[in-house]
Amino acid sequence: MLSIEQIRRDPESVRQALASRGEDDPLEELLELDARRRQAISQGDELRARRNQASREIGRLRSQGNEAPEDVVQEMRQVGQEIEILEQESRELDDRIHSILLELPNLPRPDVPRGLSEEENVVVRHWGEPKTLEFPGKPHWDLAEDLGIIDFQRGVKLSGSRFYTMSGYGAKLERATIAWMLDLHSREHGYTELMLPILVRREVMEGSGNLPKFAENLYWDEEDDLWLIPTAEVPITNLYRDEILPPESLPRYYVAQTPCFRREKAAAGRDTRGIKRVHQFNKVEMYKFVAPESSDEELDRLVADAEDVCQRLGLAYRVLQLCTGDISFPSAKTFDIEIWSAGCEEWLEASSCSNCTDFQARRANIRYRSAAGARPEFVHTLNGSGLALPRVIIAILENNQQPDGSVVIPEALRPYTGFDVIPAPGS
RNA sequence: GGAGAGGUGGCCGAGUGGUUGAAGGCGCCGGUCUCGAAAACCGGUAUAUCCGCAAGGGUAUCGCGGGUUCGAAUCCCGCUCUCUCCGCCA
């Protein structure tokens, strides 16, 4: 959520920042509502001050055994009604302001490349040589099906399109990759591992920015009003909701593996083959709560931690800085990591690392004190995949496939898989 | 799912209609004392919002929402969460 104070103080730069994202701004309406709201509050406060004073006087008289003067009581009864009207007015204005603010995205950092579509994203670096196969390689949907490790038909039988099942070597490869990534981040990069609920309350979805605007991409249980998370970012963001963290408690780094659920309504018809875009997938998510002044630097280190995963798996990748029009709703600055996959011959987005500045912290009311006695400030939050499983599995399978259809397991994963190779079909 | 108990400030805990934003204690911060520390003593210690350059002042907040009243932490109604016991259950 954007700060109404900032909008009041400097509407022009907020307007420009929103325009750089391709967003129409409602600032004029917002400012007018805000002015009216503040006026209603002032008037109400003034009346309440009068009433409090009179009530105190009545109390004093009563304690001395005297009756309250009837004209004062009458007048205060009148004042009470006026207060009620003003209260209702300011509550309504507040609701309207709040609901407008909930729909506005974060403001891009000044150093984010300007542009309205993904065409304007900037490749900031490459690592590794994109793999080319010496033989006709298969895309993973053929490869995995031939190996008998992914069953698309039976996934559809259970749950419909964009669902799949994994078995045998495939299931073990996924589990091993998750365990290895969690160990890497927790043992070597300083993250604390978490196990989290994947069903969350409505307000938790609001805190992370997924509601109210993106409801159609979420699965929802109506009876209990619980929502299936599209990423671990959602529960982690809300861990410290409505808390004031003491000094010295930042930064905090967390890592968690959860299933992620996405309806993919907006992408209907896209990427329908294979496991690149599915309704349920596993993801290892990194997350940071940091002091505002350090968030840009922390983002760079977050990206580096995600890159480390790719490097250790020997996956060639490129890092993109997303332009103003392509960063996600809560983000002020985002880097994507795309890994090369030799079968379908494309760059696959395996990680998206964002600095959400105080946007989620304001929504979820997460604050901290920089020093004992200091005024509470909103923290900055960052999130990044480290990494998203299906796409890592795609790249591992496609890049490491052999002419006979077998797949060699990356060295780093072998202690976790317990096998070095997924044997060729029929062997 | 059934029955009961309960949600007060960073924590514990008092408080059943009137100068109570809230006693007392703990914790924390500052000071006195000390070579230094401990102890003791003194003082300070919530958040949000509005007005104000500031100093300062007003208002709101005792789980949440509503009601009664000149006035609600205190009374009434609804909701919610926690705990205990029973039932069910991986």
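Values below: every heavy atom of this structure, side chains too, minus hydrogens, waters and symmetry copies.
Summarising the base pairing, B/G24 is matched to B/C12 through a Watson-Crick or G-U wobble pair whose two defining distances lie under 3.5 Å. Of all nucleotides present, only B/U82 satisfies the Watson-Crick or G-U wobble test against B/A5, with each distance under 3.5 Å. As the counterpart of B/U61, B/A46 is assigned, both hydrogen-bonding distances of the Watson-Crick or G-U wobble pattern falling under 3.5 Å. Searching all strands for a Watson-Crick or G-U wobble partner of B/G87 with both distances below 3.5 Å returns nothing. When both distances must be under 3.5 Å, the Watson-Crick or G-U wobble mate of B/A38 does not exist. Nucleotide B/C53 is matched to nothing when pairs are restricted to Watson-Crick or G-U wobble geometry with both distances under 3.5 angstrom. Across every strand in view, B/A73 sits unpaired, with no contact that passes the Watson-Crick or G-U test at under 3.5 angstrom.
Residue-level contact check: A/Ser42 touches the backbone only, with heavy atoms under 4.0 Å from sugar-phosphate atoms and none from bases. Within the 4.0 angstrom heavy-atom criterion, only backbone atoms of the sugar-phosphate kind lie near A/Pro376; the bases stay farther away. Nucleic acid contact class of A/Arg77 (heavy atoms, under 4.0 Å, all strands): sugar-phosphate only. Contact annotation for A/Arg8: backbone-only contact, meaning every heavy-atom pair under 4.0 Å involves sugar-phosphate atoms and none involves a base. Contact annotation for A/Arg62: base contact, defined as any heavy-atom pair under 4.0 Å involving a base atom. Among the atoms of the strands shown, only primed sugar atoms or phosphate atoms (P, OP1, OP2) are found under 4.0 Å from some heavy atom of A/Ala49. Nucleic acid contact for A/Arg50: none, since no nucleic acid atom lies under 4.0 Å from a heavy atom of the residue.
Considering every non-hydrogen atom in both A/Glu398 and A/Lys138, the closest pair reads CG-O, 4.0 Å. When all heavy atoms of A/Ile198 and A/Thr258 are compared, the closest pair comes out as CG2-CB, 4.0 Å. When every heavy atom of A/Leu322 is checked against every heavy atom of A/Pro113, the shortest pair comes out as O-CD, 3.9 Å. The minimum heavy-atom distance between A/Gln43 and A/Leu86, with the atom names listed, is OE1-CD2, 3.3 Å.
Judged by a 6.0 Å distance limit and a 45° cone about the ring axis, A/Arg252 is positioned over the six-membered ring of A/Tyr240.
The same atom, C1', is picked in B/U16 and in B/C62; the two are 14 Å apart, to the nearest Å. Of the P atoms belonging to B/G67 and B/C12, the separation is 32 Å, rounded to the nearest Å. Taking atom C1' in both B/G52 and B/G56, one finds a spacing of 8 Å when rounded to whole Å. Spacing between B/U19 and B/U74 at atom P, rounded to whole Å, works out to 14 Å. Separation of the C1' atoms belonging to B/G21 and B/G58 is 15 Å when rounded to the nearest angstrom. Here, B/A73 and B/U8 have their C1' atoms 7 Å apart, quoted to the whole Å. Comparing B/U20 with B/U59, their P atoms are spaced 14 Å from each other, to the whole Å. Distance noted for atom P between B/A38 and B/G30: 11 Å (whole Å).
A salt bridge between A/Arg154 and A/Glu145 is absent, with no side-chain N of the basic residue lying under 4.0 Å from a carboxylate O of the acidic one.
Between A/Phe419 and A/Tyr169, the ring planes lie perpendicular to each other; the angle is over 60°, past the 30° to 60° tilted range. In this structure, A/His189 and A/Tyr191 have perpendicular ring planes: the angle between them is above 60°, well past the 30° mark.
Taking for each of A/Gln53 and A/Glu5 the nucleotide of RNA chain B with the nearest heavy atom, the 5'-most of the two is the partner of A/Glu5. Nearest-nucleotide positions on RNA chain B place A/Ala374 closer to the 5' end than the other of A/Asn52 and A/Ala374.
Boundaries of the chain A contact region on RNA chain B are B/G18 to B/C81, first to last in 5' to 3' order (nucleotide atom under 4.0 Å from a heavy atom).
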After noting the C-alpha distance and the side-chain angles of A/Thr231 and A/Lys283, does the key distance pass the side chain to side chain donor-acceptor pair (under 3.5 Å) rule? CA-CA 7 Å; A/Thr231 161; A/Lys283 181 157 60 67; 2.8 Å; yes
